[in-house]
Amino acid sequence: MNLTTQAPFVLEQVQRKLPELQVAAVWIASPANIRYLTGFTDGADAKLLVTPQGATLYTDLRYDVQARQQSGVPVHLARPRDALEHARGLIAGRPVAFESEFVSYDKYSELLSVWQVPLHPVKGLVEPFRLLKTEGELELLRRSARIADEALAQVAVTLQAGRREAEVALELEVTMRRLGADDKAFGITVASGVRGAMPHGGATDKRIQGGELVTIDMGARCGGYHSDITRTYAVGEVSGELRTIYNTVYDAQERALNFIKAGVRCVDADAQARNWIVEAGYGDYFGHSLGHGVGLNIHEEPALSRWAQDQRLEAGMVVTVEPGIYVPDLGGVRIEDLILITDTGFEFLSHAPKARL
Ligand code: ZN
Ligand code: ZN
């Protein structure tokens, strides 16, 4: 079953591009794009050849039953090398485009040597379609977000001095699985005290202490779709400076959220939060972008960043809004929510409570 009901439509759009690209076919190598276009869930072990006549999913014999059940396009089972030989017949000596971000130099060399045709690198053939989520995708994103919320609610109340970060992370993961998640969305961060200054600090054997802030960044994955949420908690009484940092991040996120709606430039959304943090004197300590798209990949387009000059938010995009401040040797704060852009503003997909300190 293909949940992205627009897969046949997108495949057709890719096929329409072939004459413009002056190629006979395109070699799709991105696991997420393969999943999106075919419904096959193990895109990392597959490739997709799209020709004007149709598409062929190549994967190996381990996926015999699964690929035939899942794929919306014909499946050819073969070892990777034999798959290239089969594809050569369909290419028939004409030029081929390939997803250059997902083909290593070694694989590129192999394509050249087996196919003996000109190869043209392409990017972003499928990704623009993935920006706007379908109802089926939104249902899975909502489910992933709900499970992360619920797990966070259950585990956050157990945060206290003496607990190890890794123990908290494990509990979050197990709780999400019990609640029905296929898996965690990514390695869970539980970063306490000075470790909070590491935005992707993971979770270690460190014990949480009173007077520390604890940043938890986590998400669930359901049917291939991810969620992503961060909350920062105070354990006991924290210092005035930590409180200032926390409230600055909280207000920065609120400013960005008040600004965000369809039509807004991503770079301007980033600036709403960033300028607030800069004015508070912490501009040097917000080293990442305001947010990112979420879907089949945990990080995908659009980027809510200083560098995304041309990108605008559109109704149907699902993005995070996650300002942060990370001060070495002191600690850090990040607050992140997952939202769906709508015509009038946005809808929260994450609902875990948060408040100023
Ligand atoms: Zn996150
Ligand atoms: Zn994120």
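Counting from 1, the numbers follow the sequence of the chain as shown. For ligands, and for the atoms within them, numbers begin at 1 and follow the listed sequence.
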Stacked cation flag Arg143 on Tyr225, 6.0 angstrom / 45 deg: no

List the steps and the verdict of salt bridge (Lys or Arg N to Asp or Glu O under 4.0 Å) for Lys123 and Glu301. CA-CA 13 Å; Lys123 281 181 199 183; Glu301 296 291 308; over 6 Å; no

N, O or S atom within Asp228 nearest to the Zn ion (ligand 2), by name: OD2

Between His299 and the Zn ion (ligand 2), is there a contact where an N/O/S atom of the residue lies under 2.8 Å from the metal? no

NE2 (His292) - the Zn ion (ligand 2) - OE2 (Glu336) angle, nearest 10°: 120°

Test of ring centre spacing under 6.0 Å for Tyr326 and His288: yes

Hey, would you say the Tyr36 and Phe129 ring centroids sit under 6.0 Å apart? no

Asp217 near the Zn ion (ligand 1): N/O/S under 2.8 Å: yes

Pair Leu131-Gln311, side-chain contact (heavy atoms from CB on, under 4.5 Å): steps then yes or no: CA-CA 11 Å; Leu131 284 171; Gln311 183 86 64; 4.2 Å; yes

Name of the Glu322 atom (N/O/S only) found closest to the Zn ion (ligand 2): OE2

